[in-house]
Amino acid sequence: MKTAQKILEIESLCENLSKKNAEGGLLRFKVLYFVSQYENLSVSMIIEKLGIKKSNFALLTAALEKEGSIVIHQAEIDKRCRTLSLTEKGRKELNNYLEDLEACLGTTDVNVDESLDIILKYLNKIV
């Protein structure tokens, strides 16, 4: 199996596993996760990392803001530039989801964790 095929299969399997615990939609938790990891990045950079349409992201973040899960900040110098941050409510929601997912995965071998780290570094470098 070639690298591209392996990545496609890994992505599909991971998405299916993640969906099992994603009450409210997987994209919601992807957004919460990326906001938690990249609070200093602009909205456009987070959209690029997620690989979704700007309109879908805008609708979801507006709903998350209305619910009180995230805060949208405008840059003082350039009003077009926005960043996002999680509220305590958003942080709790994300942590609950991640804990449920970890429980589903169970204990992993050290080699699995190391392999996942290598895959993450590789994909972050080329994306």
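FYI, the numbering just counts along the sequence from 1.
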Task: Minimum side-chain heavy-atom gap Glu93-Arg28 below 4.5 Å - done: yes
- [ ] Nearest 0.5 Å please: distance from the CD1 atom of Ile72 over to the OG1 atom of Thr61.
- [x] 4.5 Å
Task: Student check: side-chain heavy atoms of Leu8 and Gln5 closer than 4.5 Å - done: no
Task: Hydrophobic cluster membership, Val112 vs Leu123, 4.5 Å side-chain cutoff - done: no
TODO: Identify whether Met45 and Phe34 are in the same connected component of the hydrophobic contact network (ILVMFWY, side-chain heavy atoms under 4.5 Å).
DONE: yes
Task: pair Leu84-Leu64: side-chain heavy atoms closer than 4.5 Å - done: no
Task: Atom pair CD1/CZ of Ile46 and Phe57 - distance to nearest 0.5 Å - done: 5.0 Å
TODO: Say whether, by atom type as modelled, one donor and one acceptor occur between the side chain of Ser42 and the main chain of Cys81 under 3.5 angstrom.
DONE: no
Task: Exceeds 12 heavy-atom contacts within 6.0 angstrom, atom CD of Glu9 - done: no
Open item on the list: Just so I know, are the side chains of Tyr33 and Leu50 near enough to count as touching, which here means a heavy-atom distance under 4.5 Å?
Closed with: no
Task: Heavy-atom neighbours of Arg91 CZ exceed 12 at 6.0 Å - done: yes
Open item on the list: With a 6.0 Å cut-off (strictly less than), is the heavy-atom count around NZ of Lys92, excluding the residue itself, greater than 12?
Closed with: no
TODO: Would you check, one step at a time, whether the test side-chain contact (heavy atoms from CB on, under 4.5 Å) holds for Tyr97 with Leu26?
DONE: CA-CA 10 Å; Tyr97 169 74; Leu26 181 57; 3.6 Å; yes
Task: Heavy-atom side-chain proximity of Asn124 to Lys49 below 4.5 angstrom - done: yes
TODO: Rounded to the nearest 0.5 Å, what's the gap from CG on Leu116 to SG on Cys14? Could you check?
DONE: 7.5 Å
- [ ] Quick one: pull up CG in Leu105 and OG in Ser18 and give me the separation to the nearest 0.5 Å.
- [x] 8.0 Å
Open item on the list: If hydrophobic clusters are built by linking Ile, Leu, Val, Met, Phe, Trp and Tyr wherever their side-chain heavy atoms come under 4.5 Å apart, do Val35 and Leu59 end up in the same one?
Closed with: no
- [ ] Measure across Leu94 and Leu32 and return the closest heavy-atom pair with its distance rounded to 0.1 Å.
- [x] CD2-O, 3.7 Å
- [ ] Mark yes when over 12 heavy atoms from residues, nucleotides or ligands other than Glu102 sit less than 6.0 Å from its CD; otherwise mark no.
- [x] no
Task: Where Ile52 and Ile47 come nearest, the two heavy atoms and their spacing - done: O-CG2, 3.2 Å
- [ ] Indicate, with yes or no, if Leu120 and Ile126 share a hydrophobic cluster defined by side-chain heavy-atom contacts under 4.5 Å among Ile, Leu, Val, Met, Phe, Trp and Tyr.
- [x] no
- [ ] Kindly check if the number of other-residue, nucleotide or ligand heavy atoms within 6.0 Å of CD (Glu11) is above 12?
- [x] yes
